[in-house]
Amino acid sequence: MASVGPSAASTQPALPSGPAVFKTIPYAFILPEIVCGTWVWILVAATSVSLPLLQGWVMYVSLTSCLISLLLLLSYLLGFHRNSENWKVLDSLYHGATAILYMSAAVLQANATITSEFGINAPLNYQLNCAATFFAFLTTFLYILHAFSIYYQ
């Protein structure tokens with residue numbers, strides 16, 4: 001009887017640990033996700049929040065996503081995953097769900113930007129809201145890239 005090739009589990013790429021996280025796609029997206037998400041939160045907080053319901057959701061999504069992504073990055077850096085396949089599923093589900101939440105936040109931030117064009121302190125608030133909208137959509141794109149890169153890995 002002919003020998004069977006290596007099992008499917010042994011051909012799967014290993015999950016990175018330590019500094020290799022920053023050199024491996026899609027895990028290298030985690031730090032830019034955190035940085036861009038932090039900019040969203042800072043820029044929205046710097047405006048006079050004229051629509052608290054809309055921009056409150058934007059701040060909630062950005063801050064929560066930053067904190068959870070930071071915990072995920074630390075767990076990869078410290079090697080908590082122990083090369084378990086369950087971490088790939090967790091990572092993909094988290095980034096997919098967060099991409100959907102960030103898309104809703106980015107659209108709401110764009111709406112807040114449009115309505116802030118003619119408000120009090122219009123030029124400054126409008127510019128800050130424009131920057132926050134840009135970073136919200138950029139962060140959404142990063143989360144989508146991360147989720148699909150894990151899925152197709």
Side-chain angles (χ1 to χ4, degrees), residues 13-81 83-153:
L15 293 172
S17 293
V21 170
F22 300 115
K23 300 175 190 171
T24 309
I25 299 292
Y27 308 101
F29 292 134
I30 296 176
L31 192 59
E33 290 165 1
I34 294 169
V35 171
C36 290
T38 303
W39 273 112
V40 172
W41 185 78
I42 290 170
L43 290 166
V44 172
T47 66
S48 62
V49 179
S50 57
L51 300 166
L53 188 61
L54 301 181
Q55 291 182 303
W57 175 249
V58 174
M59 292 179 75
Y60 171 76
V61 169
S62 63
L63 187 60
T64 304
S65 300
C66 284
L67 292 175
I68 294 173
S69 292
L70 184 62
L71 289 174
L72 192 61
L73 177 64
L74 288 175
S75 66
Y76 279 123
L77 287 173
L78 299 175
F80 287 149
H81 55 77
N83 212 19
S84 171
E85 287 298 313
N86 295 333
W87 277 85
K88 283 187 177 183
V89 174
L90 171 79
D91 194 287
S92 181
L93 288 174
Y94 165 69
H95 282 88
T98 305
I100 293 168
L101 294 175
Y102 242 109
M103 180 58 80
S104 70
V107 169
L108 292 175
Q109 179 58 37
N111 184 21
T113 300
I114 292 168
T115 58
S116 72
E117 187 172 6
F118 301 109
I120 301 171
N121 297 328
L124 178 63
N125 283 331
Y126 181 70
Q127 291 167 353
L128 290 171
N129 281 323
C130 282
T133 302
F134 170 77
F135 279 107
F137 279 108
L138 179 64
T139 308
T140 302
F141 181 67
L142 288 170
Y143 276 106
I144 290 170
L145 275 178
H146 190 126
F148 278 112
S149 295
I150 284 276
Y151 183 73
Y152 287 114
Q153 190 178 31

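Because the structure is predicted, anything quoted here is derived from the model rather than measured.
- Pairing each heavy atom of Ala147 with each of Gly96, the nearest pair is CB-N, 3.6 Å.
- We find the CG-CZ distance between Asn129 and Phe134 to be 15.0 Å, quoted to the nearest 0.5 Å.
- For Thr139, the side chain to side chain contact (heavy atoms under 4.5 Å, CB included) test picks out Cys36, Val40, Tyr102, Tyr143, with sequence neighbours left out.
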Apply side chain to side chain donor-acceptor pair (under 3.5 Å) to Tyr94 and Ser69, showing your working. CA-CA 9 Å; Tyr94 165 69; Ser69 292; 2.9 Å; yes
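- Contact detail for Gly37 and Cys66: the closest heavy-atom pair is C-SG, 3.4 Å.
- By the side-chain hydrogen bond (donor to acceptor under 3.5 Å, both in side chains) test, Thr113 pairs with Thr133, sequence neighbours left out.
- In terms of heavy-atom proximity, Val61 sits nearest to Ser65 at O-OG, 2.7 Å.
- In this structure, the side chain to side chain contact (heavy atoms under 4.5 Å, CB included) partners of Ala131, at least two apart in sequence or on a different chain, are Leu43.
- Remark: Asn125 CG to Thr47 OG1 distance equals 5.5 Å, nearest 0.5 Å.
- Side-chain atoms of Ser75 come within 3.5 Å of backbone N or O of Leu72 as a donor-acceptor pair.
- The heavy-atom pair separating Ala99 from Thr140 by the smallest distance is O-CG2, 3.8 Å.
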Do Gln109 and Leu54 pass the side chain to side chain contact (heavy atoms under 4.5 Å, CB included) test, and can you show the C-alpha distance, the side-chain angles, and the key distance before you say yes or no? CA-CA 7 Å; Gln109 179 58 37; Leu54 301 181; over 6 Å; no
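- Between Ile34 and Thr38, the closest side-chain pair of non-hydrogen atoms falls below 4.5 Å.
- Remark: Phe29 pairs with Ile25, Pro26, Glu33, Leu142, Leu145, His146, Ser149 by the side chain to side chain contact (heavy atoms under 4.5 Å, CB included) rule, at least two apart or across chains.
- Annotation: the span from Tyr60 atom OH to Leu101 atom CG amounts to 8.5 Å, rounded to 0.5 Å.
- In terms of the side chain to side chain contact (heavy atoms under 4.5 Å, CB included) criterion, Ile114 has no residue partners (sequence neighbours excluded).
- At a threshold of 4.5 Å between non-hydrogen side-chain atoms, the residues Phe137 and Met103 count as touching.
- For Ser104, the side-chain hydrogen bond (donor to acceptor under 3.5 Å, both in side chains) partners are Trp57, not counting sequence neighbours.
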